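Structure first, then comments.
These numbers were taken from a predicted model, which means no experiment stands behind them.
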Amino acid sequence: KIDGFDPLAQTVPTAERPALDRWILARLQQVTESANRACAGYNPADAPRRLEEFFEDLSNWYLRRSRRRFWKTEADADKVAAYATLYETLVQLSKLMAPIVPFLSEELYQNLVRTADPSSPISVHLSEYPRANPELLDLELLRDVELLRQIVELGRAGRNKAALKVRQPLAEVLVKLANAKDRPAVETLVGQIQDELNVKVVRFVDDLGDLVTYAVKGKPQILGPKYGREAPRLLAALRKANAAEIARLVQAGESFAIEGFTLAPDEVDVAVADRPGLSVTTDNQLAVGITTELSPELQQEGLARELVHRIQMMRKAADFQIEDRISTYYEAPEAFGEVVERFASYIRGETLSRALVPGQSPAEAYRETMTLDGHQVTLAVIK
């Protein structure tokens, strides 16, 4: 309503929409197929399960990933595509859910469909039950996005492992794919990896050894009795061998030859450690390593993002409407003021602040005092 979007007058051909839009529409076709199978097979309990999985994708991936598209000021094709995709998805969902949650579905339908098109059926329960559109069921895109989300989950786990907040920007993430053939597809989605993991650069590596180091040691309790006097020579040879190559064979469950001996995988211990400056997580052959070193510039940007988060929380606490423009006041040490000045444009855009004003605020402003990165800061917001 804020942008005056008219679903009957404004649209973008599906083929011309960004991959994110085409992905959620493909997922919608999947859940539509599932709901039809469940209803036709007299298995109504299965439909809500599939719908619940879809709601998770719609809310925690599509809507969150599209937030900036909805909020940018210019009504370009990208913004119209985002609105049209969300509208089409919600309308189809209202019809899919109608046999399961009839009153909620009717409320959605009346709000979304009848208000826009009075000539449409007067009730969702008088509408045709949706059928999947095979032209929108892009299985390749669904697979690519699933891989992308696996990379993101591993990257988040790496952040948690290194105790790095999500709002703290990082310099780089290194990705080792399980299948090198997937790289061209993932490269087209690099922007989403950067956004989701809050990193400046995504770099692909071919060898897990670029992310981790290996140490291989023989098991004396096995090798001693088996090789007797030759055991010390064998243990010394293992210490000098190519640890990464031996580790690869051992992890694959293969025996290997060294100094004329053939050793089984269970006769050695392989220790794996993250390379210095990286926090690495793996899942089968997929591995993601995030850089953990923070430059002063990255630290400042992280503080600016934390400030935006706090102002957003204050807007909510002050009961402002999401479209309200505000002025933001701050009382803080000089070092904090430098961060505000450097990232002023970003802070204003994210918080809908017309002005960022150093010093005391008007008495009627909503005010909070807090500690940000060791700085005691007083913030105030006013419409």
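- In the hydrophobic cluster analysis, where Ile, Leu, Val, Met, Phe, Trp and Tyr join through side-chain heavy atoms closer than 4.5 angstrom, V268 is grouped together with L235.
- Rounded to the nearest 0.5 Å, atoms CD1 (I193) and CG (N198) are 14.0 Å apart.
- No donor-acceptor contact under 3.5 angstrom links the side chains of Q376 and T369, judged on distance only.
- To the nearest 0.5 Å, atoms CD1 (I222) and CG (D266) are separated by 5.5 Å.
- For E107, the CD atom counts as loosely surrounded, since its 6.0 Å shell holds 12 or fewer non-hydrogen atoms of other residues, nucleotides or ligands.
- Proximity of a side-chain donor or acceptor of R203 to a complementary backbone N or O of E172 within less than 3.5 Å is not detected.
- Taking a cutoff of 4.0 Å between a charged side-chain nitrogen and a carboxylate oxygen, R143 and D182 qualify as a salt bridge.
- A 4.5 Å side-chain heavy-atom check between Y329 and L379 finds every atom pair outside the cut-off.
- With T11 contributing its side chain and P7 its backbone, the two residues share no donor-acceptor pair below 3.5 Å.
- The pair R49-E52 does not meet the salt-bridge criterion, since no charged nitrogen lies less than 4.0 angstrom from a carboxylate oxygen.
- Not a single donor-acceptor pair under 3.5 Å links the side chain of R239 to the backbone N or O of K217.
- Linking Ile, Leu, Val, Met, Phe, Trp and Tyr whenever their side-chain heavy atoms come within less than 4.5 Å puts L28 and I100 in one cluster.
- E135 CD: 12 or fewer foreign heavy atoms inside a 6.0 Å radius.
- Within 6.0 Å of atom CD in E334, 12 or fewer heavy atoms from other residues, nucleotides or ligands are found, so the atom counts as exposed in its surroundings.
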Assess the residue pair W61 and V152 against the criterion (side chain to side chain contact (heavy atoms under 4.5 Å, CB included)); give the C-alpha distance rounded to whole Å, side-chain angles, the decisive distance to 0.1 Å, and a yes or no.
CA-CA 11 Å; W61 191 262; V152 168; 4.2 Å; yes

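- A salt bridge does not link R149 with E146: none of the charged nitrogens is closer than 4.0 Å to a carboxylate oxygen.
- Ion pair R64/E196 flagged as a salt bridge, since at least one NZ, NE, NH1 or NH2 atom sits closer than 4.0 Å to an Asp/Glu carboxylate oxygen.
- Counting only N and O atoms by type, the side chains of R131 and N36 include a donor and acceptor under 3.5 Å apart.
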Would you sort out whether Q29 and E33 count as a side-chain hydrogen bond (donor to acceptor under 3.5 Å, both in side chains), showing the intermediate values?
CA-CA 6 Å; Q29 307 320 305; E33 283 186 346; over 6 Å; no

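- Hydrophobic clustering keeps W71 apart from I311 (ILVMFWY residues linked when any side-chain heavy atoms are closer than 4.5 Å, directly or through intermediates).
- A salt bridge links R50 to E53: at least one charged side-chain nitrogen sits closer than 4.0 Å to a carboxylate oxygen.
- The hydrophobic clustering, which links ILVMFWY residues whose side-chain heavy atoms are closer than 4.5 Å, places V288 and V280 apart.
- No side-chain donor-acceptor contact under 3.5 Å links Q92 and E88.
- Taken together through direct or relayed side-chain contacts under 4.5 Å among Ile, Leu, Val, Met, Phe, Trp and Tyr, Y346 and Y330 form part of one hydrophobic cluster.
- Inter-residue side-chain proximity for D195 and R68 is flagged as unmet; no heavy-atom pair is nearer than 4.5 Å.
- The closest donor-acceptor contact from the side chain of R22 to the backbone of R17 lies under 3.5 Å.
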Might you work through the side chain to side chain contact (heavy atoms under 4.5 Å, CB included) test for L51 and V31, ending with a clear yes or no?
CA-CA 6 Å; L51 285 165; V31 76; 3.9 Å; yes

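- Between R310 and E306, at least one side-chain nitrogen of the basic residue sits less than 4.0 Å from a carboxylate oxygen of the acidic one, meeting the salt-bridge criterion.
- Within a 6.0 Å sphere centred on CD of E364, other residues, nucleotides and ligands contribute more than 12 heavy atoms.
- Side-chain contact between K165 and H309 is absent, with no heavy-atom pair separated by less than 4.5 Å.
- A heavy-atom distance below 4.5 Å is not found between the side chains of L108 and L90.
- Judged by distance alone, the side chain of Q168 and the main-chain N or O of L298 form a donor-acceptor pair under 3.5 Å.
- The shortest side-chain heavy-atom distance between E368 and M313 does not fall under the 4.5 Å cut-off.
- At a threshold of 4.5 Å between non-hydrogen side-chain atoms, the residues L263 and L238 count as touching.
- The main-chain N or O of L189 is never found under 3.5 Å from a side-chain atom of Q192 such that the two would form a donor-acceptor pair.
- Put simply, the side chain of D144 does not reach to within 4.5 Å of the side chain of V186, judged on heavy atoms.
- Without hydrogens or angle criteria, S66 side chain to Y62 main chain gives a donor-acceptor distance under 3.5 Å.
- Remark: side-chain polar atoms of T291 are not paired, donor with acceptor, to backbone N or O of E293 under 3.5 angstrom.
- Within the 3.5 Å criterion, the main-chain N or O of E301 finds no donor-acceptor partner in the side chain of R167.
- Going from atom OG of S279 over to atom CZ of R159 covers 10.0 Å, rounded to the nearest 0.5 Å.
- Using a 30° and 60° split on the angle between ring planes, F70 and Y83 fall in the parallel class, below 30°.
- Between the OG1 atom in T32 and the CZ atom in R37 there is a gap of 10.5 Å [rounded to 0.5 Å].
- At least one side-chain heavy atom of R114 sits less than 4.5 Å from a side-chain heavy atom of S120.
- Between the T281 side chain and the L154 main chain, a donor and an acceptor come within less than 3.5 Å of each other.
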